[in-house]
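Below: the structure, in structure tokens.
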Amino acid sequence: MMDVHRERKVTWIVLGIFFLGLMIVSVFVFNSNKKNQQAIDKANQLSAELAKAGLPVPEAQQIYNVLGDDGGAVCAAPANALVKSILYGQLTNGAAGPGQRPIIADNKATEGVLLIVKVYCPEEAESFQQVINDLKYADVAS
Amino acid sequence: MSAMDVPARRVPAASAATPAAAKPKTIHYISWIALALMTTSSVASLRAAPTMAVYGLACIFLYIVPAIVFLLPTSLVSAELASGWSGGVYNWVSQGLSKPMGFLAVWCQFAMTIFYYPSLLGFVASTLAYVINPDLASNGIWTALVIMVCYWSGVWVSSRGTGSVAGLASGGLIIGTLIPGVVLVTLGAVFLGQGNASAAPMDASHLLPAWAGLSSLVLIVNNFLSYSGMEMNAVHVGSLKNPGKEFPKSMFLAMGLVLLIFILPALAISWVVPADQLSLTAGVMQAFDAMFAQFGSTWLTPIVGIMLVAASLGGMLTWLAGPSKGLLMISRQEGYLPPFLQKLNKHGVQQNILVTQGLVTTVIALGYALIPDVSSVYWIFSVITTQVYLIVYLLMFVAAVRLRRSQPDHPRGYRAPMLVGLCGVGFAASLAALLIGFIPPSQFGGGNTAVYIVIVAGGALGLGLLVPFLFYRSRKPSWKTTDVTDPEAEVAQS
């Protein structure tokens, strides 16, 4: 039988290499430079929509760095059942373990994301509107 | 009283039974710091930080109040119990109430994890999708693949024994929670240090969350559950050299770490990213992305994403190793599970329980990933399973009071101050959380409340009471294997 310490060492090395490799690959694959003219235009458009809705307006640079010119993850099938489950998974308490449980979310919880969908992927707006219309809200954040 | 009941003065049981000629092997102990990191890893991560950052300064209130009424009682009571009785919640409840209740307690702790893994690993899949290709988040095959690979890898690691789990969970916590947590807090401090105004108001009038009646009560009381799992790793108390002294120390360290991990990163995000913008998130990763975008450092996003994945998987390992071990221990003693499920591998690990649990989890996870109707309503399983988990706490607090009265002179390495009061507060908090679980959340929309109550109550009764009752009814004396408490210690000495 392989010595326990050696066995653990091998496990550590294998997992270490795996995660390091994954990290390196993800840095190369992840699109962290999303600035282009269309991204800037969309960011300005979103800024205007946010201001019109009375919401705080982040700097344009912050918007296009996150959303790029296509809305990024927000516009990746926002009404899809799995994505909906991710959204539902955020309308929860402060637990990070098995105590995670749904709550009655704040009124503002989905206001901003709907604006993004309307600006960046308007073709998804109607179905996404339906998703968030199905939710119940309250004014729980100060 | 057996030696196994007294971890503070533990004598390896097998040493008495082992022939003098047999040479005992070295027991692979874990340090109390490793156990503290395991406990922290089971309970806390940065996953909740963006969710709670929405509440700004009030997130302190939302974590501190539950810490007083739930974290403190749970931690101190389990510290006393673990310093006096090995084996974790099954043994505490068995000794304090009855063997069947002990089985019920550990079953509830075990059963709820089956539904926890798909949602945890679903988070892993969506995090990886965010950094690799956001379109993958909506891809069922991708999600199913990630869940399967991660889950079964976790089963393999868990089957190597507590030592492997302790090391990897500790590593996952440091790499995936503590380091990125420090980065977040540092960035937040730099942001304020540069003279920027905090995005969330930080004045006294924002210390409390807005009061919206029942909805606010749901938010506050549900947050008690943020600390659920603090007692779970007590099942490994037998892996400490001096459990009576070391377990309480590990609990105090874990309490401090959990509070810091929950509160500080959430505050840091709320300083930088406006609450309304946080609500723009399409997953936890986007909140981190927005935070890093403020500093023009979005290259950090994929790195932190992979770190979060490491932390999640480390946390999963502790849940794989803990409750199933408790279930094994009582089943061996009382014959509650058939011999096949009691079978150990060469490391003394309950491999067949893990594999059987894995098969059930696989079916549930495939349903979650591939059937839209299941993923859309998966949130309701988290309600049902947290209800089931609260049964464990109700039993634990009652058992602790009973043990203090029935066995006042039993050696304990640590005696919790005002134990009866602590148990009263903890019991009331658990009961409140149980009751509040019957109030429909956002996800239920405008559905019929009575239907919701029936679903939650039916699910909790079926999973938490009916299934263990069936196991209990089917038990056989011939299924009893041994009275040795910790099978890993048994294997190490054989």
Side-chain angles (χ1 to χ4, degrees), chain A residues 1 4 7-8 11-12 15 19 22-23 26-27 29-30 32 55-56 58 61-62 65-66 72-74 76-78 80-86 88-106 108-113 116 134-142, chain B residues 28 42-45 47-48 51-52 54-55 58 62-63 112 116 126 130-132 134-135 137-138 143 164 206 209-210 212 215-216 218-219 222-223 225-226 228-229 274 276-277 279-280 282-283 286 289-290 293-294 298-299 302-303 306 310 372 375-376 378-379 382-383 386 441-443 445:
Chain A
M1 190 170 73
V4 174
E7 204 172 300
R8 280 183 201 158
T11 309
W12 269 97
L15 290 175
F19 277 104
L22 197 57
M23 216 175 260
S26 68
V27 168
V29 170
F30 184 71
S32 58
L55 299 172
Q61 176 201 343
Q62 197 177 6
N65 274 343
V66 175
V74 178
N80 168 277
L82 269 174
V83 177
K84 199 164 88 174
S85 78
I86 295 169
Y88 285 1
Q90 288 174 83
L91 307 176
T92 55
N93 61 356
Q100 197 178 29
R101 168 194 259 201
I103 52 153
I104 299 171
D106 190 69
K108 297 181 291 239
T110 52
E111 263 180 42
V113 74
I116 295 182
D134 289 343
L135 298 167
K136 179 172 74 178
Y137 305 96
D139 192 15
V140 288
S142 53
Chain B
H28 297 287
S42 309
V43 175
S45 82
R47 189 179 161 192
T51 305
M52 293 307 284
V54 170
Y55 303 100
L62 290 170
Y63 275 127
M112 68 93 199
Y116 171 56
S126 69
Y130 191 90
V131 297
I132 296 170
D135 289 334
S138 58
T143 305
S164 298
H206 290 87
S215 302
S216 295
V218 169
L219 173 68
N222 272 338
N223 244 28
L225 286 157
S226 302
S228 52
D276 303 283
Q277 198 189 340
S279 67
L280 308 184
Q286 196 154 15
D289 206 9
Q294 178 66 37
T298 46
W299 57 271
I303 295 174
I306 302 301
S375 40
S376 297
Y378 201 81
W379 60 271
S382 65
V383 180
T386 46
S442 284
Q443 289 85 336

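In what follows, chains carry the letters A, B, and so on, assigned in the order in which the sequence lines appear, proteins first and then strands, with residues in each chain numbered from 1. When reading the values below, keep in mind they use all heavy atoms of this one structure, side chains included, and skip hydrogens, waters and symmetry mates.
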request  = Indicate the atoms forming the closest heavy-atom contact of Q62(A) with A290(B), along with that distance.
outcome  = NE2-O, 2.8 Å
inquiry  = Taking side-chain contact (heavy atoms from CB on, under 4.5 Å) as the criterion, tell me which of L91(A), D134(A), I104(A) meets it with Q443(B).
reply    = L91(A)
remark   = I306(B) and L22(A) have their tightest heavy-atom pair at CD1-CG, 3.7 Å
ask   = Given that the side chain runs from C-beta out, which part of V43(B) has a heavy atom under 4.5 Å from chain A: side chain, backbone, both or neither?
value = backbone
task = Could you look at S216(B) and say if it's the side chain, the backbone, both or neither that has a heavy atom under 4.5 Å from chain A?
result = both
query = How about K84(A) and S376(B): do any of their side-chain heavy atoms sit closer than 4.5 Å?
reply = yes
query = Side chain, backbone, both or neither: which part of L62(B) has a heavy atom under 4.5 Å from chain A?
reply = neither
message = Run the side-chain hydrogen bond (donor to acceptor under 3.5 Å, both in side chains) test against S442(B) and tell me which residues pass, sequence neighbours left out.
response = none
inquiry  = Looking only at heavy atoms and a cut-off of under 4.5 Å, which of P98(A), A77(A), S26(A), G72(A) has the most pairs with chain B?
reply    = P98(A)
task = Return the option, out of A44(B), S138(B), A48(B), A310(B), with the maximum number of heavy-atom pairs under 4.5 Å with chain A.
result = S138(B)
key: Choice from S226(B), P134(B), A293(B) maximising heavy atom contacts with chain A below 4.5 Å   = S226(B)
request  = Measure across G445(B) and K136(A) and return the closest heavy-atom pair with its distance rounded to 0.1 Å.
outcome  = O-CD, 3.8 Å
remark   = In this structure, CD of Q286(B) is separated from CD1 of I86(A) (nearest 0.5 Å) by 11.0 Å
query = Atom CG of N80(A) and atom OG of S375(B): how far apart are they, to the nearest 0.5 Å?
reply = 7.5 Å
query = Atom CD of Q61(A) and atom CD of Q294(B): how far apart are they, to the nearest 0.5 Å?
reply = 7.5 Å
ask   = If you measure from CH2 on W379(B) to OG1 on T92(A), what distance do you get to the nearest 0.5 Å?
value = 12.5 Å
note = All heavy atoms of I103(A) vs all of P441(B), minimum pair found to be O-CB, 3.4 Å
request  = Of all the heavy-atom pairs spanning I132(B) and V29(A), show the shortest one and how long it is.
outcome  = O-CG1, 3.2 Å
ask   = What part of N93(A) is in contact with chain B, defined as an atom under 4.5 angstrom from a non-hydrogen atom: side chain, backbone, both or neither?
value = both
ask   = Do the non-hydrogen side-chain atoms of V383(B) and P102(A) ever get within less than 4.5 Å of each other?
value = yes
ask   = How about W299(B) and F30(A): do any of their side-chain heavy atoms sit closer than 4.5 Å?
value = no
remark   = Smallest heavy-atom separation, Y130(B) atom then V66(A) atom, equals OH-CG1, 4.3 Å
ask   = Would a distance-only check, ignoring hydrogens and angles, find a side-chain to backbone donor-acceptor pair under 3.5 Å from Y63(B) to G94(A)?
value = yes
